[in-house]
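Notes follow the structure.
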2 protein chains.
Amino acid sequence: MEGLESNKTEQQILEAAYRVFQKKGKAGARMQEIADEAGINKSMLHYYFRNKDSLFKKIFLQSITEFLGSVIPLINDQETTWEEKIKGLIGHYINFMRHRPDLPFFVMNEINQNSVEFFNHLNLNIGSTLMNSYFFIQLQEEMKAGKIRNLNPLQIFISILSNVIFPFIAAPMIKRVGKMSDEDWDSFISQRELFTSELIINYIVKI
Amino acid sequence: MEGLESNKTEQQILEAAYRVFQKKGKAGARMQEIADEAGINKSMLHYYFRNKDSLFKKIFLQSITEFLGSVIPLINDQETTWEEKIKGLIGHYINFMRHRPDLPFFVMNEINQNSVEFFNHLNLNIGSTLMNSYFFIQLQEEMKAGKIRNLNPLQIFISILSNVIFPFIAAPMIKRVGKMSDEDWDSFISQRELFTSELIINYIVKI
DNA sequence: GTCTATAGCGAGATAGAC
DNA sequence: GTCTATCTCGCTATAGAC
């Protein structure tokens, strides 16, 4: 029973820390705020996670894994065409960003802030995974066969991310510039999914 | 003479604050670090700018103006076609990001952190400027005439920004994934300029 | 495991000599 | 205008009772 209780507390802290760190960043987050958000005494944070740094590290690792890890099955799916993969990636990230609008910003911000060593240290071999992915192989084969435009697959992949993630990062600015209500924003994002799919695929296939 | 001296000191502080705030963000920046960067005694920061908040406000306002203001002449140029404007925008931002890779990230981060009121308070009427720009008018006319695809001009504009700015925001991640040296990165960015131009224009013109 | 009280320190801000 | 010394406060972290 004690074990369960402690797990519950620990879990509440983690969930609160997840929200606060992503919203405020490491430097801007306050241990007191995390404690309040969790409805738990501040000293419990230290009891379970020793200090701010190690709590942050846990959250950051979880965040970056969610952000990058979720695409791996998608890009290595043997059953889908490259075109379906592109649509799948765009749909996945639109959906992801709708639920966690702060996450990619948080991840990239902290990578920029903390030394690169820290980032290298948690060795997520995303690199080779992406460059050797079935998605990239498919694209290269189609290019060799002259069926699609001859392009750098990494540029294609970055374009997908750019078009879907950036709008969420710039959301406050876009809402203001476009004088959008929350419903306007929702439909803008729905439109964006289609827009991006067509934008990218159209460019790739045109000879 | 005194006036000149003080201006010089003030200027050095501003330049140092510009760099430090953009790199570390408001919460992460230290007054001591700004002073060191400027080669100037810490108390001088308070002498000239009263406190951290007001120094930050100055830098933020300058940053957001640089970021948004520089495009206004471009999108309202009466002498260029919509196609030239797109190429111009892409070229401008690639060049801009090369010299100030931290700026857009900084601006958008602080907009997210600080309350929206603060952002509203510095009323830069970018909104109506963009939506009523000559660029948007040109696009709408071409659409009405059936010469280009019928699209939301704001989606087009956001796509331009996304494809050019996001890669710089995600630079450390991209470099790592692509195992890039600094020269690799440079050529990736050069390639990106062409890629983005073709990507966008190709989609717009295809009937 | 959970709480209260408090130590310790870093950072922003000020006082005051020059 | 510029410097040194110092105040003050907020935040992380710990001690210790229960």
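Model, not experiment: these values are computed from the prediction. Each chain gets a letter, A, B and so on, in the order its sequence line appears, and its residues count up from 1. Heavy atoms only: backbone and side chains are in, while hydrogens, waters and symmetry mates are out.
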- Report, as a single string ordered 5' to 3', how protein heavy atoms within less than 4.0 Å touch nucleotides 11-18 of chain C: B base, S sugar-phosphate only, - not at all. SBBB----
- Task: May I have the distance from Leu55(A) (atom CG) to dC11(D) (atom P), rounded to whole angstrom?
- Result: 17 Å
- Message: Please report the distance, rounded to the nearest Å, between CZ in Phe49(A) and P in dG1(C).
- Response: 12 Å
- Query: What integer distance in Å separates Met44(A):CE from dT14(D):P?
  - Reply: 13 Å
- Task: Check side chain to side chain contact (heavy atoms under 4.5 Å, CB included) between Val71(B) and all other residues, then give those that pass, not counting sequence neighbours.
- Result: Leu89(B), His92(B), Tyr93(B)
- Note on the structure: note: Gln12(A), atom CD; dT2(C), atom C1'; distance rounded to Å ~ 13 Å
Show the atom names and distances, to 0.1 Å, of all donor-acceptor pairs under 3.5 Å that link a side chain in residues 104-111 of chain B to residues at least two apart or in another chain.
from      : atom 1 : to        : atom 2 : distance (Å)
Asn109(B) : OD1    : Gln113(B) : NE2    : 3.3
Glu110(B) : OE1    : Asn114(B) : ND2    : 3.4
Glu110(B) : OE2    : Lys26(B)  : N      : 2.9

- Item | Integer-rounded Å distance: dC3(C) C1' and Asp36(A) CG | 15 Å
- Task: With sequence neighbours left out, write down each residue that passes side chain to side chain donor-acceptor pair (under 3.5 Å) with Ser63(A), or none if nothing qualifies.
- Result: Gln22(A)
- Query: Hey, does the side chain of Thr9(B) come within less than 4.0 Å of dG1(D)'s phosphate (OP1/OP2), counting only N and O?
  - Reply: no
- Residue set satisfying side chain to side chain contact (heavy atoms under 4.5 Å, CB included) with Asn95(B), at least two apart, ordered chain then number -> His99(B)
- Any residue meeting salt bridge (Lys or Arg N to Asp or Glu O under 4.0 Å) with Glu37(B), in chain and number order, not counting sequence neighbours: Arg19(B)
- Query: Does OP1 or OP2 of dT2(D) have a side-chain N or O of Tyr48(B) closer than 4.0 Å?
  - Reply: yes
- Task: Mind calculating the distance between CD1 (Ile34(A)) and C1' (dT12(D)) to the nearest angstrom?
- Result: 12 Å
- Item | From dC3(D), dC3(C), dT2(D), nucleotide with atom closest to Asn41(B) side chain | dC3(D)
- Item | Exam field: side chain Asp77(A) to backbone Pro73(A), donor-acceptor pair closer than 3.5 Å | no
